[in-house]
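Position 1 is the first residue of the sequence; numbering continues from there. This structure is a prediction, so every number in the text was calculated from the model and none was measured. What you see below is based on every heavy atom in this structure, not just the backbone, and it leaves out hydrogens, waters and symmetry mates.
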Amino acid sequence: MGRFGAAELNVLGEPLQPCSSDPLTGFFRTGYCAAGPDGAAVHLVCIQATEEFLEFSASVGNDLSTPHPEFSFPGLSGGDHWCLVAGRWAQAHAAGKAPKVFLRSTNQAVLGLIPLEVLKRYALDLN
């Protein structure tokens, strides 16, 4: 699945799991919500998009539904898994529109911005 991501950790302190290969996600388009070797990438929260979230995101200037092939971006639909910018997820959470997340595919680097207790309330992959 590409070089960036596999060696990073998720919010549970385990090896980071892939988020999506269809559509291919992550800042580095490896399928992982990877921060990369310099920790500079911020597309770190693995979400399951909903139509409600996509409408909210567009309403605040971040249209995730429209394809942009020039950026290898297919446009999202409800149900798609995607590495979302951590600050965007926090913004959606504050507005009551945050999508569900996959903790095992969400990078631990988000914990400086979003507490684990908050993420757990949205988790799709807790037993």
Original post:
Any donor and acceptor pair, going by atom type alone, linking the side chain of Thr50 with main-chain N or O of Phe53 inside 3.5 Å?
Top reply: yes
Original post:
Does Val60 share a hydrophobic cluster with Val85, counting links as ILVMFWY side-chain heavy atoms below 4.5 Å and allowing steps through other members?
Top reply: no
**OP:** Check whether Leu119 and Ile47 end up in the same hydrophobic cluster, where Ile, Leu, Val, Met, Phe, Trp and Tyr are linked by side-chain heavy atoms less than 4.5 Å apart.
**Re:** yes
Subject >> Check: Gly26 main-chain N/O paired with Arg29 side-chain donor or acceptor under 3.5 Å >> reply: yes
Subject >> Leu103 backbone acceptor or donor facing Asp125 side chain under 3.5 Å >> reply: yes
Subject >> Exam field: side chain Gln48 to backbone Pro99, donor-acceptor pair closer than 3.5 Å >> reply: no
Original post:
If Ile, Leu, Val, Met, Phe, Trp and Tyr residues are connected whenever their side-chain heavy atoms lie under 4.5 Å apart, and connections chain through other members, are Leu76 and Phe27 in the same group?
Top reply: no
Subject >> Under the salt bridge (Lys or Arg N to Asp or Glu O under 4.0 Å) test, residues paired with Glu52 that sit two or more places apart >> reply: Lys97
Original post:
Out of Cys46, Cys83, Cys19, which one pairs with Cys33 under the disulfide (SG to SG under 2.5 Å) rule?
Top reply: Cys83
**OP:** Please check if the side chain of Asp38 supplies one atom and the backbone of Ala40 the other of a donor-acceptor pair under 3.5 Å.
**Re:** no
Original post:
Distance only, no hydrogens: is a donor on one side chain within 3.5 Å (strictly under) of an acceptor on the other, for Asn10 and Gln108?
Top reply: no
**OP:** State yes or no: do Val45 and Phe73 share one hydrophobic cluster built from I, L, V, M, F, W and Y residues joined by side-chain heavy-atom distances below 4.5 Å, directly or via other members?
**Re:** yes
Original post:
From Tyr32 OH over to Leu44 CG, what is the distance, rounded to the nearest 0.5 angstrom?
Top reply: 15.0 Å
Original post:
Heavy-atom distance under 4.5 Å between the side chains of Arg121 and His93, does that happen here?
Top reply: yes
Subject >> Residue Tyr122 excluded, over 12 heavy atoms near OH under 6.0 Å >> reply: yes
Subject >> Minimum side-chain heavy-atom gap Ile114-Trp89 below 4.5 Å >> reply: yes
Subject >> Pairwise distance OG(Ser65) to CD(Glu51) - rounded to 0.5 angstrom >> reply: 6.5 Å
Original post:
Looking at OG1 of Thr106 and CG of Leu12, how far apart are the two atoms once the value is rounded to the nearest 0.5 Å?
Top reply: 9.0 Å
Subject >> Check: Thr25 main-chain N/O paired with Ser20 side-chain donor or acceptor under 3.5 Å >> reply: no
**OP:** Step through it carefully: locate the ring centre of Phe28, locate the ring centre of His43, and say whether they are under 6.0 Å apart.
**Re:** no
Original post:
Do Phe102 and Trp82 have ring centroids that are under 6.0 Å from one another?
Top reply: no
Original post:
Can any side-chain N or O of Ser57 pair as donor or acceptor with the backbone N or O of Leu54 at less than 3.5 Å?
Top reply: no
Original post:
With the 4.5 Å side-chain cut-off for hydrophobic clustering, are Leu9 and Leu113 part of the same group?
Top reply: no
Original post:
Partners of Glu14 by salt bridge (Lys or Arg N to Asp or Glu O under 4.0 Å), sequence neighbours excluded?
Top reply: Arg104
